[in-house]
Structure formats: C-alpha cells, structure tokens
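Notes to accompany the following structure.
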Amino acid sequence: MAKIIIGFVKILKGFTMACNKWFGTDGVRGVANEFPMVSDFAMKLAFACAQQVCVNHKKVAIAKDTRISGDMLEASLIAGFTSQGVDVVKFGVVPTPAVTTFVSELDVDMAVMITASHNPYHDNGIKLIASNGDKFADEVTSQLENLIEQNNFVFDKDKLGRVFEDYSIKEKYKQIAYDMYGNTSSLKGMKIVADCANGVFSDILPEVLRNLGAEVVEVGVEPNGVNINRDCGSQHPEKMLEAIVKNNADLGVAVDGDGDRIKVGDNNGKLIKSEQLMAFLATYMQEIGENKGRAFASTKLSNTALERYITQNLGLQYISTGVGERPVIKALKENGGVIGGEESGHIVLLDYAKSGDAMMTFLKVLQGLAQKNKKASEIFPLFKDDFLYFENFKVKSNEMVKIITSKPELKNLVDDLSSKINGHGRVVIHPSGTEPKIRVWVCGDDEQTVQDFGTKLWNTIEHLNAD
C-alpha cells in the first residue's frame, strides 16, 4: 500500500490542497441525502478507490458510527466496491481510532469510516484510511475526485466482490485498554462520569471503566440514530460537568460521536482544557520514562503558553503544525514524537493509537492522576494561558474566503505583525475548511499587543470584504 501511495504522490506532483473540491481536512462531509453525501457519490467514490487503491488484496474494511444515515452510505459503498470485484469486511459500529489502529493488521488495501465526527445526526461523512492507519493525503483524494468527475468506470460480469462480517475488532480494541492497566482493577474506588455522545463509545467506554474497577455514571449511552452528539458529548460537555457535581464524582469524560475527541472535567465540575491535558500527559510520560525526550506537536492555533511549558519546563522539542489531526500526526512521525494534539480535543498518543483516541487518552490521564495521588483540581491548570484574540469573520461564500486570504495587503500585515510579536506570541489567519469564515487568531504574553494586533487584522479583513 505504501508503494501505491508514493506512486500517487509522484503522479500528482503539483497538486495542492486547493484541488480538493469535496474532501476537507478529515474526509468528505455534508448533510445526508444532499450532495455529496448521497448514494450516487458514495458508490462512485467506491468505484474510484477500487480502481486506484484496492489493487493488492482486493479487499476493504468499512465501519460506521451510530447516525441513521450510516446504513444508507454503507450500502452504497458496499455496492460500489463489490461491483468492482473488491471484497468488503463490515466492522459495524466501532470507534475511528479502533479502525486506524487495527487496519494495518488486516489483509485489506484500505478502510472506510462513515462518520461526521462531532457534527449533528443529519450530517455524515466518509473518512478514507490507508492500510498503514493514516488518513489519505490530499494528493490522493484529489486523484479520486478526478476519477469520479471523469466517470469512466468499467464493470466486468466475472469480477464481483463478496461481503463478510468481522466484529472482533471491538474486543481487540478493548484489550489495548486492559493491557495498559495490566488487566488489574486499578480504578477501584474512583467514580467517573462517562458521556459517550450517544455514539460509538456508548457500550465500550463504560464497560472498560467498570472492568478496571471504577464506578461509572453514564450519560449519552442510548444511541437511536438521531441523537448522536445532541446536547451531549465533547461539543456539549455541560451535562458531563453537571453530573460530576451531582454525583460527587472524581472525574468526568465526554467524547464525540466517533471517539476521536475528548473533553475532561475535574472533581469540581470544571472543564480542563485539552492543551492542559496534553501538557500533563507529556509531563507524566516524561517522568515515567515513556516519552524519552521525544518531540511534542500541536497546531498553530494552540495557546503560546503551551509551547513555553513544553520547551522550558520539559526541555522537549515543540513543533507547531497546520490545523487538524493529520498535520500533528505527520509531524510526530517525522520527528520521532509520540504526544500531540489540538485544543478541539484531538489528542494523539502514538504508542497506544494511530490517531486521536478519546478512550486511550482518558485512561492515560487516569494513570497519571493515580501516580500523583492528587485530585484533578489540585493539579490543573499546569500553566497560565497567554492572552488570546480569537474571532471568526463571516463572509458570503467559501470563494470569498479564498479571495480575501490571498490578498497581498492581508498577507503583508500578517508577516509584519508576526515579526513584531516573534518570541512573545503568534499571529494566524486561518480560513475555515468547512464554513465561509476567516479565523482571526492572535496569542501572546502581552494583553494590549494581542488586542491591538487582532483588531488591526479584523479591520483589514472588514475593509477587504467591503471592496
């Protein structure tokens, strides 16, 4: 599979992220039964993947989250793959990190995860995962899009695939958690709130926590196809925080619909920022010898105080990446790191999972707290955040976002402000990958400078938008 991907990159040299019409930072996504989240597109995407990717084993694995439209998209993908002579292995409802972790152990050319992650139920998406567990690169998805547009697929009556079921991946995934704890009841005496977002972790996370000895208060564990992420989970952690206080719990965790995002609340029902969790994990794993001085990675939208903590307090190399989980994982692999993530809740521990993994991250946090023998409120926050200016400027279209962010006047201003704040902060103009918004982000150790720079950028974008 690696040779195939490398081949794609060579063929497509010169393509950029802008070539992608439908694929964003984490697959293709939209409203179910509206293009591109329609049966026809899903089937043609399977045609394209079968032609360009499934050339070795002629087999693909498919998993999904709990939203109602998953059945429709799964059926369409299966029809597309099997009509091209590719066998399909159905995993059923399992977390995204379980798929990325185990796909490399299977005789498949790739895997597909049907999910819209933290989005509401009426949305859905398709994530393409290579046989090594990585999400497909932009160059690859650009080529797949071209094939779909050309629509020159051929069919052979003598080449048809078959469908198999394999639900063992769920048990294998849970075993990683038990192995992390040595199959002991290490969480005995702890009361934990687990908000599973009515998603893929609804039956897994509470079971694992109980088997490790914890008393579990369940929230969002009754998926019905239309309640995934609804007023619960990582995007709405209020229920989890309220349940901590109501039940006098030691800690709480809220995940998203497909299990790759996490939010944690302390024993007082106060939300702990993801950047604080990442810093804690880096500290703990450094202290017990697991990290061994390896690099740390987080996105350019992470608070600059995190970078200072990692470099000055821990003496680790800090890598600032593009926004999203893929750039973080890429940076970690290229620099030998194992810990990274972003404030949105994607936290990566490469020793335990190949992508953001809410359960493995939470279990590692629990291990660290047990070693410290302190309540979470006595540990967090580890550092004080720098000052932040963060606003979303809305424009009329995604095309307008591209036009404004490419203007020399804005680029020159960003360069000028970046040089002035260098060493004391960071300036970022980030176009949203899914909405017609421009993120204006300035972070630094001086409040007045941050506000002044943020205001200058906002006013400039406002001026360019009015032209």
Side-chain angles (χ1 to χ4, degrees), residues 9 16-17 25-26 97 100 130 132-139 260-262 273-357 360-361 364-365 368 381-386 388 390 414-415 417-419 421-431 433 439 441-445:
V9 174
T16 65
M17 191 171 181
T25 55
D26 199 13
T100 59
N132 63 355
D134 288 342
K135 307 288 178 60
F136 276 18
D138 296 321
E139 293 84 0
D260 60 3
R261 291 190 187 215
I262 181 176
K273 292 188 66 177
S274 297
E275 292 160 351
Q276 295 285 337
L277 293 175
M278 289 187 283
F280 175 74
L281 288 169
T283 303
Y284 168 58
M285 294 175 73
Q286 185 73 0
E287 289 173 350
I288 64 175
E290 280 194 25
N291 190 46
K292 301 176 182 177
R294 291 181 285 183
F296 180 99
S298 190
T299 76
K300 59 186 179 182
L301 296 183
S302 291
N303 196 282
T304 48
L306 173 63
E307 179 176 357
R308 195 160 54 249
Y309 179 89
I310 294 296
T311 56
Q312 296 181 10
N313 289 51
L314 301 182
L316 301 177
Q317 179 188 2
Y318 181 97
I319 304 164
S320 183
T321 76
V323 177
E325 181 187 76
R326 278 193 301 162
V328 170
I329 294 174
K330 183 174 184 290
L332 289 175
K333 288 185 174 182
E334 289 177 348
N335 294 275
V338 292
I339 307 172
E342 55 184 346
E343 179 54 35
S344 65
H346 287 125
I347 298 179
V348 180
L349 299 175
L350 288 185
D351 281 349
Y352 299 94
K354 293 186 178 180
S355 59
D357 189 326
M360 298 307 166
T361 296
K364 204 64 185 175
V365 169
L382 274 71
F383 57 85
K384 182 181 178 182
D385 283 345
D386 281 346
L388 178 65
F390 187 15
V414 171
D415 290 343
L417 298 180
S418 295
S419 65
I421 205 172
N422 186 38
H424 296 277
R426 190 158 57 246
V427 174
V428 180
I429 293 294
H430 179 68
R439 295 174 181 172
W441 190 96
V442 182
C443 189
D445 56 17

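Bear in mind that the values here come from a model prediction, so they are computed numbers and not experimental data.
- Relative orientation of the Tyr309 and Phe383 rings is tilted, given thresholds of 30° and 60° on the angle between their planes.
- Within the 4.5 Å cutoff, side-chain heavy atoms of Thr100 are placed close to those of Lys135.
- The structure places CD1 of Ile288 at 10.0 Å from CD of Gln286, a figure rounded to the nearest 0.5 Å.
- For the pair Leu277 and Val365, the minimum side-chain heavy-atom distance is below 4.5 Å.
- Using a 4.5 Å heavy-atom threshold, the side chains of Asp351 and Arg294 count as touching.
- From Leu281, atom CG reaches atom CG of Asn291 across 10.0 Å, with rounding to the nearest 0.5 Å.
- In terms of heavy-atom proximity, Ser302 sits nearest to Gly341 at OG-O, 4.4 Å.
- Taken to the nearest 0.5 Å, the CG atom of Asn313 stands 8.5 Å off from the CD1 atom of Ile310.
- The main-chain N or O of Glu275 is found under 3.5 Å from a side-chain atom of Glu343 such that the two form a donor-acceptor pair.
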- [ ] Output, in order, the C-alpha distance, side-chain angles, deciding distance and verdict of side chain to side chain contact (heavy atoms under 4.5 Å, CB included) for Arg308 and Asp386.
- [x] CA-CA 10 Å; Arg308 195 160 54 249; Asp386 281 346; 2.6 Å; yes
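- At distances below 3.5 Å, at least one donor-acceptor pair connects side-chain atoms of Asn132 with backbone N or O atoms of Asp134.
- One finds the CG atom of Leu350 at 11.0 Å from the CG atom of Asp357 (value rounded to the nearest 0.5 Å).
- Counting all heavy atoms, side chain and backbone alike, Ser344 lies closest to Ser274 at C-OG, 4.4 Å.
- What you find for Thr361 and Leu349 is that their closest heavy atoms are CA-CD1, 3.9 Å.
- Within the 4.5 Å cutoff, the side chain of Leu301 has heavy atoms near those of the Val428 side chain.
- Around the NZ atom of Lys330, the shell of radius 6.0 Å holds no more than 12 heavy atoms that belong to other residues, nucleotides or ligands.
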Task: Stepwise side chain to side chain contact (heavy atoms under 4.5 Å, CB included) test for Glu342 and Thr321 - done: CA-CA 10 Å; Glu342 55 184 346; Thr321 76; over 6 Å; no
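- Smallest separation of non-hydrogen atoms from Val427 and Ser418: CB-OG, 3.6 Å.
- The shortest side-chain heavy-atom distance between Glu290 and Val338 does not fall under the 4.5 Å cut-off.
- Considering every non-hydrogen atom in both Tyr318 and Ser298, the closest pair reads OH-CB, 3.5 Å.
- Between the CE atom in Met360 and the CG atom in Asp260 there is a gap of 13.5 Å [rounded to 0.5 Å].
- Nearest heavy atoms, Cys443 versus Thr304: SG-OG1, 3.4 Å.
- The distance from atom CG of Leu314 to atom CE of Met285, rounded to the nearest 0.5 Å, is 12.5 Å.
- Taking the side chain as every heavy atom from C-beta outward, Lys300 and Trp441 never approach each other to under 4.5 Å.
- Judged purely by atom type and a 3.5 angstrom limit, Gln276 uses its side chain to pair as donor or acceptor with the backbone of Leu382.
- Side-chain contact check for Glu325 versus Ser355: some heavy-atom pair is nearer than 4.5 Å.
- Applying the ring-ring contact (aromatic ring centres under 6.0 Å, His included) test to every pair with at least one member in residues 324-355, sequence neighbours left out, gives no pairs at all.
- Within the 4.5 Å cutoff, the side chain of Ile339 has no heavy atoms near those of the Leu316 side chain.
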